[in-house]
Amino acid sequence: MSKDLQKLIRRWTLANAIRHEGTANVNAVVGKLIAERPELKEEIEDLKESVEETVKKVNKLTLDEQRGELEGLGAPERPEREEEEGLPELPDLDKYPTVVTRFAPNPNGPLHLGHVRTALLSHEYARKHDGKFILRFEDTNPANAREEMYDLIRENLKWLGIGWDEEFLQSDRLKTYYKYAEQLLRDENAYICTCKSSEFKKLRDKSKPCPCRELDSREQLERWNGMLEGEFDEGEAVVRIKTDLKLPNPALRDWPALRISTASHPKVGKRYRVWPLYNFSVSIDDHEMKITHVIRGKEHEVNEERQRQLFNHLGWDYPTAVHHGRLSISGVILSKTKVMEGIQEGKFEDYDDVRLGTIAAIRRRGFTPQAIKQSILEIGITPVDSTLSLDTLATENRRIIDDKANRYFFVKNPIELTIQKVPEIEEAKLRLHPNHLERGDRTLPLDRKDNSLIVKIPSKDFSKLSEGKVVRLKDLLNFKLTSRDPPEAEFESFKVADVLKIQWVSAEAIKARVLKPDGTQDEGLSEPEVSKLEPGELIQFERYGFVKLEKIKPEIEAVFTHN
Ligand code: GLU
């Protein structure tokens with residue numbers, strides 16, 4: 001075995017050990033090596049043996065020794081995946097042995113496209129650096145955390161291909177937050193304020209301390225016990241983090257860190273009455289979970305300053321923060337409040353109402369995770385605010401689904417037309433996909449009476465017909481309108497001609513409804529073969545648009561994806 005290869009094995013083993021708290025795994029290391037040097041597959045048995053030996057040795061070292069050695073060797077090089085090419089490198093990579101990122105949703109509402117940006121970027125970077133990606137539910141407001149959101153968020157992330165290595169619920173971690181709160185109170189870096197909030201604000205705005213701030217740590221800890229034991233009601237006491245009262249932005253002065261809430265929490269019920277506020281729990285967790293890069297929207301910049309103050313009190317180093325701009329999505333409703341209120345008022349059906357920009361809705365409409373991923377990663381991590389239009393997303397999606405979606409006819413607002421003098425034919429055979437002969441044909445049965453053919457065509461197309469002008473029933477025959485009322489026509493020929501081609505159905509057509517993005521519905525008839533498909537399938541109704549089937553029986557129900 002060459003020296004070079006030995007070194008490579010050592011490096012990957014160290015990197016893997018560091019990622020897993022000091023214990024490397026033989027298979028994981030072998031996998032990495034083969035990904036980097038596919039030719040090693042030929043000698044996999046030898047390779048395994050030396051990896052096993054190296055793993056044994058490396059696992060005996062302490063984490064610090066492993067880190068030190070890896071730093072000396074330089075991080076292993078690894079092939080980049082294609083979709084990562086566009087993302088700029090994270091700052092401070094050399095500061096950390098491995099990259100740890102997190103996505104920290106509040107389960108008070110469904111995920112939407114805006115959140116996905118943070119989640120995707122955090123996930124991509126963790127994967128790119130073979131690091132760790134954590135999912136953390138920030139559910140410390142018992143009054144707004146909702147039971148159904150945990151699974152919905154998990155499901156949405158999985159669907160997007162965002163898998164996590166570890167999961168935490170902040171509501172499981174109250175004891176940890178209490179421990180730090182006590183430490184801060186003991187060290188006089190925090191105090192318990194029982195002032196009316198209006199009184200506190202008056203003083204704070206003048207850079208003056210409130211009387212509670214002056215009490216010593218013994219009294220603070222007494223008050224703390226009082227908070228925990230129910231001596232104070234909601235709103236009567238908060239733990240505040242001491243800051244410089246002269247800070248230019250009053251919002252940063254002595255900010256609240258924990259407060260009382262007696263609402264029942266979906267996970268822990270009424271077990272706790274003192275709950276951390278966002279800036280407190282996020283800080284404790286980012287530190288305890290060893291997050292190296294916090295990727296977040298720049299709307300959190302002020303919060304971050306608060307968090308940095310707390311890190312200072314606790315003597316911790318703040319992770320590297322990377323801010324991205326706000327992402328708005330035109331054409332759909334994103335705001336969590338609007339979504340939740342709308343559902344409560346019955347204005348929206350559910351979290352997947354097609355008018356919403358939630359992941360549930362976008363998924364329901366037939367957008368693919370790949371299209372979402374590509375469109376959002378393309379915007380990247382820029383601090384500038386950006387807008388993603390659904391049209392852009394649709395263009396990306398069309399590229400992906402056009403090849404997959406088979407073609408069918410849907411006749412919106414059908415008008416019955418009788419075409420006379422049609423030669424002997426009983427059915428029509430049409431291709432399932434114009435570019436995929438191998439997928440075969442579909443059959444459209446014909447409704448015949450004597451030598452007439454009865455078809456239904458879209459009323460919009462019917463209105464374009466004029467008497468005597470030749471038109472083609474797509475993939476079947478050409479005809480000429482002879483009368484508008486009643487709608488009648490005459491067979492012209494079977495020859496493919498360069499004339500208006502219209503979609504049609506005839507015998508056994510099934511009622512179909514398509515839900516449009518604005519919440520309205522198109523009604524019409526679909527060709528019978530659609531009833532053989534499965535709900536969930538994406539198809540194209542020709543000259544109408546792509547749709548995702550939701551229900552097949554007794555009638556077709558579909559959701560409009562895009563043109
Ligand atoms: N729970 C926060 C949010 O959803 C996390 C943001 C952060 O600290 O980066 O906005």
Side-chain angles (χ1 to χ4, degrees), residues 90-91 99-126 132-146 149-150 152-154 156-157 160 162 164 166-174 177 241 251-252 255-259 265-267 275-311 316-328 334-340 357-359 376 381 383 385:
L90 283 176
V99 168
V100 184
T101 62
R102 44 67 164 188
F103 177 56
N106 179 341
N108 64 348
L111 284 191
H112 59 60
L113 286 167
H115 301 122
V116 169
R117 182 185 199 181
T118 321
L120 262 179
L121 289 169
S122 307
H123 178 257
E124 282 295 308
Y125 277 117
K132 186 154 80 174
F133 175 69
I134 293 177
L135 170 62
R136 186 170 75 214
F137 287 102
E138 305 218 312
D139 58 345
T140 62
N141 183 355
N144 75 13
R146 300 176 76 99
M149 288 306 156
Y150 296 83
L152 184 67
I153 291 173
R154 288 185 189 111
N156 288 169
L157 290 174
L160 286 160
I162 302 179
W164 52 100
E166 275 174 34
E167 178 184 307
F168 294 95
L169 268 62
Q170 289 192 324
S171 56
D172 280 342
R173 298 175 46 76
L174 280 259
Y177 307 131
I241 301 300
L252 292 175
W255 50 270
L258 297 101
R259 51 94 166 78
H265 189 283
K267 295 291 179 195
W275 285 90
L277 288 151
Y278 159 72
N279 283 300
F280 188 71
S281 36
V282 90
S283 304
I284 304 298
D285 284 354
D286 282 344
H287 173 76
E288 286 227 327
M289 294 169 195
K290 302 190 171 57
I291 306 298
T292 61
H293 293 81
V294 171
I295 297 169
R296 56 160 62 116
K298 65 174 191 227
E299 67 273 16
H300 280 297
E301 267 167 346
V302 172
N303 280 326
E304 195 177 299
E305 283 190 55
R306 295 188 180 110
Q307 294 164 29
R308 286 180 187 273
Q309 296 164 343
L310 182 55
F311 269 71
W316 298 338
D317 284 332
Y318 197 76
T320 299
V322 184
H323 301 122
H324 58 72
R326 208 180 258 280
L327 178 66
S328 35
L334 288 188
S335 136
K336 263 191 194 174
T337 329
K338 274 198 192 145
V339 172
M340 299 310 280
T358 58
I359 296 308
I376 293 186
I381 201 161
D385 290 346

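Indexing begins at 1, ligand by ligand and atom by atom, following the structure's order. Every value quoted in this text rests on a predicted model; they were computed, and no experiment measured them.
By the salt bridge (charged side-chain N to carboxylate O under 4.0 Å, His left out) test, Arg173 pairs with Asp285, Glu288, sequence neighbours left out.
Ordered by chain and residue number, the residues placing a heavy atom less than 4.0 Å from ligand 1 are Arg102, Ala104, Glu138, Tyr278, Val282, Arg296, His300.
Counting heavy atoms of neighbouring residues, nucleotides and ligands inside a 6.0 Å radius, atom CZ of Arg326 does not exceed 12 of them.
Using a 4.0 Å cut-off between a side-chain N of Lys or Arg and a carboxylate O of Asp or Glu, Arg296 and Glu304 qualify as a salt bridge. Ion pairing between a basic and an acidic side chain is recognised when a charged N comes within 4.0 Å of a carboxylate O; Glu167 and Arg154 show such pairing.
For the pair Lys267 and Tyr150, the cation-pi criterion (under 6.0 Å, within 45° of the ring axis) is fulfilled.
Annotation: Trp275 is in aromatic contact with His265 [ring centroid separation under 6.0 Å].
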